[in-house]
Amino acid sequence: ARTAPPFHAKDNQIDSSAISRRHWESDWSIEELRAAQAKNVVATWGPTKATANLPMLTHSEGVYLYDSDGKQYLDWTSQAVCTNLGYDVPP
């Protein structure tokens, strides 16, 4: 059976009942995140197995991403499919 997507373009709202409660928990261990990634993520630009040991990104500021160890990365990939406008909402 096909289920409706949780996003409704008509009213620009998300039906949160269609999303697992587990998704909203704020404290996921790295192991839990990697398990969820292996179960639910399909890589679009290469083999999915290659994503198994990528850095676990935790947040962003402008065009920079940060991993769970605090290492800073410049986002060089966004040009492949979109314009790099950063990750923060402008003031």
Exercise. Kindly indicate, with the supporting measurements, whether the criterion side-chain contact (heavy atoms from CB on, under 4.5 Å) is fulfilled by Asp75 and Tyr64.
Key: CA-CA 6 Å; Asp75 183 1; Tyr64 296 101; over 6 Å; no
Exercise. Supply the atom-to-atom distance Ile30 CD1 to Gln37 CD, rounded to the nearest 0.5 angstrom.
Key: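 Rounded to the nearest 0.5 Å, the CD1-CD separation comes out at 10.5 Å.
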Exercise. For Tyr73, enumerate each residue passing the ring pair (Phe, Tyr, Trp, His ring centres under 6.0 Å) test, keeping only those at least two apart in sequence or located in another chain.
Key: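 Per chain and number, Tyr73 pairs via ring pair (Phe, Tyr, Trp, His ring centres under 6.0 Å) with no residue.
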Quiz item: With sequence neighbours excluded, what pairs up with Ala36 under the side-chain contact (heavy atoms from CB on, under 4.5 Å) test?
Solution: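 Partners of Ala36 under the side-chain contact (heavy atoms from CB on, under 4.5 Å) test: Trp28, Asn40.
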Quiz prompt | Glu31: partners by side-chain contact (heavy atoms from CB on, under 4.5 Å), with sequence neighbours left out | solution =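 Partners of Glu31 by the side-chain contact (heavy atoms from CB on, under 4.5 Å) criterion, ordered by chain and then number, come out as Ser29.
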Quiz item: If you look at every heavy atom in Asp67 and Thr58, which pair is closest and at what distance?
Solution: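 That closest heavy-atom pairing would be O-OG1, 3.6 Å.
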Quiz item: Is the shortest heavy-atom distance from the side chain of Met56 to the side chain of Leu33 under 4.5 Å?
Solution: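 Yes, their side chains come closer than 4.5 Å.
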